[in-house]
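Data block below; observations after.
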Number of protein chains: 2
Amino acid sequence: MSTPAEGGRRADAVRNRRLALDAATALLAEPGSPLTVEAIARRAGLGAATVVRAFGGKDALLDAAVSGLLEPVVHRAGRLLEQDDQAQALRTFLTELIAFQSAHHAIGDQLDGLTLPATTALRDELVRVVREMIVGAQRDGTVRTDLDPAVTTALIGRTAYAVARSQPASPELTDAYLTVLMDGLRSPNG
Amino acid sequence: MSTPAEGGRRADAVRNRRLALDAATALLAEPGSPLTVEAIARRAGLGAATVVRAFGGKDALLDAAVSGLLEPVVHRAGRLLEQDDQAQALRTFLTELIAFQSAHHAIGDQLDGLTLPATTALRDELVRVVREMIVGAQRDGTVRTDLDPAVTTALIGRTAYAVARSQPASPELTDAYLTVLMDGLRSPNG
DNA sequence: ACTCAACTGGAACATGCATTTCAGTTACCG
DNA sequence: CGGTAACTGAAATGCATGTTCCAGTTGAGT
């Protein structure tokens, strides 16, 4: 669909494509892993050339792996949007997002300057959902209205990412972040 | 003193050392610059070998350049510590720190995983000063006491860095960050 | 079974980088 | 001035990585 589809491929090619994807996904969860084509190939039990060809390049492989991990997170965020208390939904979502990013440490680590179409689309969708949460919470009166929702969303995105990158992952830091953020987002005279 | 000192060096060696340092410093302020030895050498009007040898390696050169930029920032933070209102001192310092990091974009960009002795020492000093500001503000009653100062310091360090990395530098984002942070750090029932 | 296009992977290649080499140059001391 | 050790920088080296080549292998249609 997005990347070379399963069309008239041979069975071994399909299987190796899956192996490469699984290996890349596994390495994304291991901090300090090289995340090179060589490492992915070794993990998958394949040659480097096969790994590269399966997706048409390393970037496309990483795009598939990262977006595969990100998709359930985005889906979960959409579900939280249906909740009554949008401020609480935002807090819950951020907690889960930070846990997710901590678990898949290399996602933000190695992929900073790349252009990955599927991943970018999911990230945009995530931004959209978070902004809706903020707007909803403003409507509820639980989040201050003197800040532009778009700016607030950018603020949350950047800082949450930074907190998740703490090494090693620190529950106290995450707690402090959520506490300060949510209190700071409350109406100033409330 | 730290790196090969001026000892019995020839005049041209001393001059080229300075040229290399200035070139590296200049490149740290230019977003998107390669920051390679080649680029530094071209900027300095020297050969790559000369640039490398002047400091005994690229890392040592960057350490000298970054710590040279960071030193006045640390000094300024120490001066702010003498101010009466520590919460205000913290806010002022963060404003300046973010501006500084935005101006020298590449500092955090390219130097994430390196071990630079002088730079690390200055950063530790900076952390120490910020923690003192927080403790002082807690004593003043302007910052909540239900958070560990060390954790709060880590939180501020990570998030300020993330905000400064926004591309392009956005005054609204910095404003929103400082507003939310300082309000969130106030006593919850105040 | 037979065929052959698709597929594989080790090896060669390409790229971008820091560092070292070394023949030539130059600052500095006497 | 010379002599010489320090210094210079273009080129060579080393290294890590992604990508491509190609001779051999294999899945799948007949």
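Note that the structure is a prediction, hence the values are computed from the model and not measured. Values below: all heavy atoms of this structure, side chains included; hydrogens, waters and symmetry mates excluded. Just so we're on the same page: letters track the sequence lines, and every chain starts at 1.
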Note to self: Any donor-acceptor pair, under 3.5 Å, between the side chain of B:Arg53 and the base of D:dG9, if you only look at N and O atoms?
What the structure shows: yes

Next item on the list: For the pair B:Arg144 and A:Asp183, find out whether any cationic side-chain nitrogen is under 4.0 Å from an anionic carboxylate oxygen.
Entry: yes

Notebook entry, point to check: In terms of the nearest nucleotide of DNA chain C, which residue is placed more toward the 5' end: B:Ala11 or B:Leu35?
Noted result: B:Leu35

Check: Which of the following nucleotides, D:dG18, D:dT8, C:dG9, is nearest to the side chain of A:Leu46?
Finding: C:dG9

Checklist line | Value in whole Å for how far the P atom of D:dT19 lies from CG of A:Leu61 | finding: 10 Å

Next item on the list: Compare the minimum distances between each of D:dC7, C:dC17, D:dG9 and the side chain of B:Ala13, then state the nucleotide with the smallest one.
Entry: D:dC7

Check: For the side chain of A:Arg9 and the base of D:dG27, is some donor closer than 3.5 Å to an acceptor across the two?
Finding: no

Notebook entry, point to check: Do you know the tightest heavy-atom contact between A:Ala29 and A:His104?
Noted result: CB-ND1, 3.7 Å

Notebook entry, point to check: More than 12 heavy atoms of other residues, nucleotides or ligands under 6.0 Å from CG of A:Asp146: is that the case?
Noted result: yes

Next item on the list: Could you work out which one of D:dG18, D:dT8, C:dA18 sits closest to the side chain of A:Val37?
Entry: D:dG18

Next item on the list: Could you check how far CG of A:Asn16 sits from C1' of C:dA6, rounded to whole Å?
Entry: 12 Å

Margin query: In whole Å, I'd like the distance from the CZ atom of A:Arg17 to the C1' atom of C:dA6.
Written below: 16 Å

Note to self: Could you check whether A:Asp12 pairs with A:Arg15 (Lys NZ or Arg NE/NH1/NH2 to Asp/Glu carboxylate O, under 4.0 Å)?
What the structure shows: no

Margin query: Students often get this wrong, so: under 4.0 angstrom with heavy atoms, is A:Thr50 touching a base, only sugar-phosphate, or nothing?
Written below: base

Note to self: Output the rounded distance in Å from CZ (A:Phe55) to P (D:dT20).
What the structure shows: 17 Å

Check: Taking NZ from A:Lys58 and P from D:dT20, how many angstroms apart are they, rounded to a whole number?
Finding: 15 Å

Next item on the list: Round to the nearest Å and state the distance from A:Arg15 atom CZ to C:dA6 atom P.
Entry: 19 Å

Next item on the list: Can you figure out which of C:dG10, D:dC7, C:dT8 approaches the side chain of A:Ala49 most closely?
Entry: C:dG10

Next item on the list: For A:Asp12 and C:dA6, give me the distance from atom CG to atom P, rounded to whole Å.
Entry: 13 Å

Next item on the list: Could you tell me the separation between the CD atom of B:Glu38 and the P atom of D:dA11, rounded to a whole number of Å?
Entry: 12 Å

Next item on the list: Report yes or no: is the cationic atom of A:Arg17 (NZ for Lys, CZ for Arg) under 6.0 Å from the centre of the six-membered ring of A:Phe55, at an angle within 45° of the ring normal?
Entry: yes

Next item on the list: Please determine, for the side chain of A:Arg10, which listed nucleotide (D:dA28, C:dA18, C:dC28) has the closest atom?
Entry: D:dA28

